[in-house]
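Single-structure report; data block below.
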Amino acid sequence: MNDFYCVITFHTTQEALAFEKIFKEFGFSIKLMPVPRQISSSCGLSAKIPCEKKEKILEICEEKKLEFDKFHKIVRKERKSWLLNHIKKTTQNNE
Amino acid sequence: MKENKKIFIYGGIIGLIGAILMKLGNPGNMGICVACFYRDIAGALGLHRAEVVQYIRPEIIGFIFGGVLAAILGGEFKSRGGSSPIIRFVLAIFLMFGALVFLGCPLRMILRLANGDLNAIFGLLGYLLGIYIGIHFLKKGYSLGQSTKQTKVSSYIIPTFSILLLLLLLIKPSFIFFSTEGPGSMKAPVLIALSLGLISGFILQRSRICTAGGFRDAILIKDYHFLWGILGIFIFNLIGNLVLNFDSFQISFANQPVAHTNHLWNFLGMVLTGICSILLGGCPLRQTILASEGDSDAGITILGLIVGAAFAHNFQIASSPEGVTPNGKLAVIIGLIVVILIGNSVVKNVLKERRKKEEVM
């Protein structure tokens with residue numbers, strides 16, 4: 001299971017829509033979504049992108065003069081619940 | 001998926017709180033109504049003299065306290081602003097006109113629906129059309145400009161305002177007005193309203209629930225995350241009402257509390273509110289939370305809502321259960337024209353700036 005994913009954030013909605021349009025034409029799997037809560041308390045749009053394509057995507061943005069705000073790699077945090085951690089630890093020990 | 005479940009439950013808590021506050025004394029289908037509550041505050045401060053809607057609603061103070069607290073704990077309390085404040089102020093005034101012609105902010109529209117008020121269906125349809133029109137501007141490049149870091153004291157203004165409101169509520173000086181009859185006199189006990197408001201504010205800051213954002217994302221990018229929050233509000237409020245407020249639960253158009261049955265103006269009022277919410281980047285509820293995070297653009301928006309509410313009652317724009325007023329109709333029409341002109345003008349300006357930039361490059 002992936003424990004991280006990558007998103008690009010934008011200044012405006014239109015930037016996000018332009019980004020999606022261009023990269024869909026290039027055949028990238030892009031999904032527009034709300035900015036992940038971990039990186040912002042705002043409720044703007046971001047684009048989920050394949051992390052391994054980061055360099056290529058940034059290159060195309062430069063070439064096509066596509067504007068965006070920032071690139072983010074988001075690591076999904078381990079569950080903080082002590083109970084689940086405890087169960088996990090015990091099962092690991094038993095193994 | 002897990003995230004959607006979380007926001008659904010967060011929304012659910014807001015819905016339940018709505019039902020509880022109604023049970024404890026808030027007006028009918030108005031457990032929470034952000035627009036009405038700012039209107040009541042405007043009345044209490046003497047900005048309008050509609051005697052039946054004057055009260056310093058502790059829920060609003062609680063929202064701000066909760067928002068500040070959650071933002072500080074999350075390291076998200078930041079002073080920012082400077083994104084076309086005067087346009088926001090004007091949009092907020094018209095947002096309030098639309099809401100008070102309909103009789104409720106988008107949140108109360110959902111709560112009205114959840115207690116069987118079918119008039120809110122026309123409000124919802126109008127709100128959706130308004131959001132659709134707003135999206136049209138977003139697609140064309142509408143933006144009020146990036147907000148920038150502001151001096152620290154800007155971020156303290158709205159929280160200080162809320163503390164001041166709390167003091168006025170508790171001290172009750174003679175220059176503050178409290179309704180003795182009508183919706184303004186119907187209220188949940190102060191401490192409970194304040195605490196439930198605080199819990200709501202905290203949850204709203206964490207979850208970023210926004211009635212405009214939920215529909216916007218669903219229409220614009222087919223993302224339903226925030227819509228789950230709205231659904232949570234509706235379903236849990238419905239359940240809460242069936243359990244706590246069964247006496248008042250009634251599926252009908254007629255005889256609904258603080259509502260009128262003029263479908264066209266219920267619809268058009270919320271079209272105006274929907275457009276304004278999208279052009280402002282959030283509904284009144286969301287603006288309240290953003291303001292408590294230190295966003296002074298949202299702060300200006302709140303002040304615009306309060307001023308808009310005062311105008312709405314001073315100029316006989318606000319509806320009453322008897323129906324819509326001629327001035328209300330006129331205000332909605334003028335509002336629609338003005339906000340569409342604002343949207344167009346902003347888009348034109350963005351395109352012009354972009355062309356200029358491209359020429360330089």
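Atoms considered below: every heavy atom in the structure, side chains included; atoms not considered: hydrogens, waters and symmetry mates.
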Tell me which of these, B:Gly141, B:Ala70, B:Cys210, has more heavy-atom pairs under 4.5 Å with chain A than the rest.
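Max contact count across the listed options: B:Gly141.
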
- Item | Leading residue by heavy atom contact count with chain A [cutoff under 4.5 Å; candidates B:Arg216, B:Glu3, B:Arg354, B:His225] |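 So the answer, after comparing B:Arg216, B:Glu3, B:Arg354, B:His225, is B:Arg354.
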
Exercise. What residue, out of A:Gln14, A:Glu20, A:Met33, has the most heavy-atom pairs lying under 4.5 Å from chain B?
Worked result: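 Max contact count across the listed options: A:Gln14.
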
Interchain contact, [X] with chain A, by part (heavy-atom threshold 4.5 Å):
| X | answer |
| --- | --- |
| B:Lys357 | side chain |
| B:Lys222 | backbone |
| B:Gln205 | both |

**Asked** Under the 3.5 angstrom rule, does the side chain of A:Arg37 hit a backbone N or O of B:Arg206 as a donor-acceptor pair?
**Response**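 Yes: the side chain of A:Arg37 pairs with the backbone of B:Arg206.
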
For B:Leu341, does the CG atom have more than 12 heavy-atom neighbours from other residues, nucleotides or ligands under 6.0 Å away?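 For B:Leu341, atom CG is crowded (more than 12 foreign heavy atoms under 6.0 Å).
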
Evaluate whether atom NZ of A:Lys31 has more than 12 neighbouring non-hydrogen atoms of other residues, nucleotides or ligands under 6.0 angstrom away.
->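 Yes, because the 6.0 Å sphere around NZ of A:Lys31 holds more than 12 heavy atoms from other groups.
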
Does either side chain, that of B:Glu293 or that of A:Ser41, offer a donor lying less than 3.5 Å from an acceptor on the other one?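 A pair is found: one side chain offers a donor N or O, the other an acceptor, under 3.5 Å apart.
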
| field | Residues of residues 59-73 of chain A within contact distance of chain B, non-hydrogen under 4.5 Å | value |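 Only A:Lys65, A:Glu67 of residues 59-73 of chain A have a heavy atom under 4.5 Å from chain B.
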
Q. Does anything in residues 130-140 of chain B get under 4.5 Å of chain A by heavy atoms, and if so which residues?
A.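 Answer by number: B:Leu138, B:Lys139, B:Lys140.
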
How many angstroms lie between [atom1] in [X] and [atom2] in [Y], if you round to the nearest 0.5 Å?
| X | Y | atom1 | atom2 | result |
| --- | --- | --- | --- | --- |
| B:Asp223 | A:Leu32 | CG | CG | 9.0 Å |
| B:Asp217 | A:Cys43 | CG | SG | 7.5 Å |
| A:Thr12 | B:Leu144 | OG1 | CG | 11.5 Å |

